[in-house]
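One structure is given below, encoded as structure tokens.
All residue numbers refer to positions in the sequence shown, counting from 1.
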Amino acid sequence: MKAGNCRSRGPTSYGMQDSMLVFGKLGLKPGDTFLDLGCGPGDYSVHAAEEVGPAGRVLFMDRDASAVERLVQRAESLDLTNMVPVVHDMSESLPLDDDACDVCLTATVLHAVNLGRHGPALFAEIRRVLGPSGTYAVLECKKQDKPWGPPLHVRLSPEEVETAVLPAGFRRVGHVDLGVNYLLLFAPA
């Protein structure tokens, strides 16, 4: 995978666990559309672009325009033509059509969202843009006090994530222990 060498581009959880295991659980296929919400440096986006191939699309979205621009440059340097940049704050309505995505990933970003305030609208929007047989994946740091990652008081337990996501029309279909992180998988209810 070309997604390595991530340390100089900003914080990412990509190398903290077995990324092949994560992508195996996402079940991407050639031709799929993948949405990386809060893409940051884009390691997950690059990996997804390789998985979905030239017939697929990777929509990478972040509110940080400079992060998106760096990922555009990275995609060009890797000759990945199936990546589509979107500068947008995920706490606002997503600028995507209904059923636009096969898989949506939020990787270590939900802890930075005020779920009480923005969660209901955010998860309703994710449900809207996700196809009827799609997968919504949440990757977060375990709620443990560690010297790296977000502070303990903002980390989310799997139960807290489920409580926020399920009312938007989802059902949990998987939970994977990734060591220091966890992956939750949801499908439309």
Side-chain angles (χ1 to χ4, degrees), residues 3 5-16 19 22 26 28 32-49 52 56-78 80-131 134-141 148-156 160-161 164-165 167-168 170 181-184 186:
N5 189 26
C6 57
R7 295 183 195 273
S8 65
R9 293 186 316 278
T12 179
S13 60
Y14 183 83
M16 294 175 69
S19 61
V22 170
L26 296 181
L28 284 172
D32 278 352
T33 297
F34 178 82
L35 172 60
D36 187 356
L37 267 180
C39 64
D43 295 313
Y44 294 100
S45 295
V46 169
H47 189 137
V52 302
R57 286 189 324 149
V58 171
L59 308 168
F60 57 97
M61 184 180 298
D62 204 290
R63 67 181 179 187
D64 181 350
S66 61
V68 171
E69 180 54 35
R70 284 189 299 274
L71 186 48
V72 166
Q73 293 169 3
R74 184 175 173 206
E76 289 172 357
S77 74
L78 295 171
L80 294 170
T81 59
N82 60 349
M83 295 180 66
V84 180
V86 183
V87 177
H88 188 77
D89 186 331
M90 74 170 81
S91 67
E92 300 171 3
S93 295
L94 300 178
L96 303 172
D97 293 336
D98 294 357
D99 303 330
C101 309
D102 299 294
V103 175
C104 174
L105 172 69
T106 52
T108 57
V109 295
L110 287 185
H111 67 268
V113 174
N114 180 332
L115 292 183
R117 183 174 181 195
H118 299 292
L122 170 63
F123 300 125
E125 277 294 285
I126 292 170
R127 176 61 194 92
R128 179 184 66 77
V129 302
L130 195 65
T135 299
Y136 172 44
V138 176
L139 192 149
E140 280 292 330
C141 297
W148 46 262
L152 180 63
H153 74 278
V154 298
R155 291 183 183 222
L156 300 167
E160 290 170 307
V161 172
V165 172
F170 286 101
N181 296 331
Y182 63 87
L183 179 70
L184 290 176
F186 298 94

> Which atom pair, heavy atoms only, marks the closest approach of L96 to C101?
Replying inline: CD1-SG, 4.3 Å
> Taking all atoms of both residues into account, what is the closest heavy-atom pair of A168 and A124, and its distance?
Replying inline: CB-N, 3.7 Å
> Which atom names give the shortest non-hydrogen contact between R155 and C141, and what distance separates them?
Replying inline: NH1-CB, 3.5 Å
> So, S19 versus Y44: side-chain donor-acceptor pair below 3.5 Å or not?
Replying inline: no
> If we only count heavy atoms from C-beta on, is the V58 to V84 side-chain gap below 4.5 Å?
Replying inline: no
> Taking C-beta and beyond as the side chain, do F60 and V46 meet within less than 4.5 Å on heavy atoms?
Replying inline: no
>> Counting C-beta onward and ignoring hydrogens, is there a side-chain heavy-atom pair between L105 and F34 closer than 4.5 Å?
In response: yes
>> Treating D62 as the side-chain partner and V68 as the backbone partner, does any N or O pair qualify as donor plus acceptor under 3.5 Å?
In response: no
>> Just verifying a value: how many Å separate T135 OG1 and D102 CG, rounded to the nearest 0.5 Å?
In response: 8.5 Å
>> Ignoring hydrogens, what is the shortest heavy-atom contact between L130 and C104? Give both atom names and the distance.
In response: CD1-N, 4.0 Å
> Once you round to the nearest 0.5 Å, how far does CD of E160 lie from NE2 of H111?
Replying inline: 13.0 Å
> Has the side chain of E140 got a donor or acceptor atom that lies under 3.5 Å from a matching backbone atom of V109?
Replying inline: yes
>> Can you give me the closest heavy-atom contact between L26 and A137, atom names plus distance?
In response: CD2-CB, 3.3 Å
>> Could you check whether any side-chain N or O of R74 sits under 3.5 Å from a backbone N or O of P41, counting only pairs where one atom can act as donor and the other as acceptor?
In response: yes
> Is the backbone N or O of V52 less than 3.5 Å from a side-chain atom of D32, with the two atoms forming a donor-acceptor pair by type?
Replying inline: no
> Is the count of non-hydrogen atoms from other residues, nucleotides or ligands lying under 6.0 Å from N114 atom CG greater than 12?
Replying inline: yes
>> Between R127 and F170 (side chain of the first, backbone of the second, donor and acceptor by atom type, cut-off under 3.5 Å), is there such a pair?
In response: no
> So how far is it from S91 OG to L115 CG, rounded to the nearest 0.5 Å?
Replying inline: 11.5 Å
>> Please report the interatomic distance NE2(H88) to CG(D64), rounded to the nearest 0.5 Å.
In response: 14.5 Å
>> Applying side-chain contact (heavy atoms from CB on, under 4.5 Å) to V138 and L183, what does each step give before you reach the verdict?
In response: CA-CA 6 Å; V138 176; L183 179 70; over 6 Å; no
> Looking at CG of D89 and CE of M61, how far apart are the two atoms once the value is rounded to the nearest 0.5 Å?
Replying inline: 10.0 Å
> What heavy-atom pair brings L156 and Y182 nearest, and what distance separates the two atoms?
Replying inline: O-OH, 2.6 Å
> Atom OH of Y136 and atom CD1 of I126: how far apart are they, to the nearest 0.5 Å?
Replying inline: 3.5 Å
>> T106 vs L139, test: side-chain contact (heavy atoms from CB on, under 4.5 Å). Steps then yes/no.
In response: CA-CA 6 Å; T106 52; L139 192 149; over 6 Å; no
> Name the one of L37, L35, D98 that satisfies side chain to side chain contact (heavy atoms under 4.5 Å, CB included) with V129?
Replying inline: L35
>> Quick check against the 3.5 Å criterion: does R128 have a side-chain atom that pairs as donor or acceptor with the backbone of L94?
In response: yes
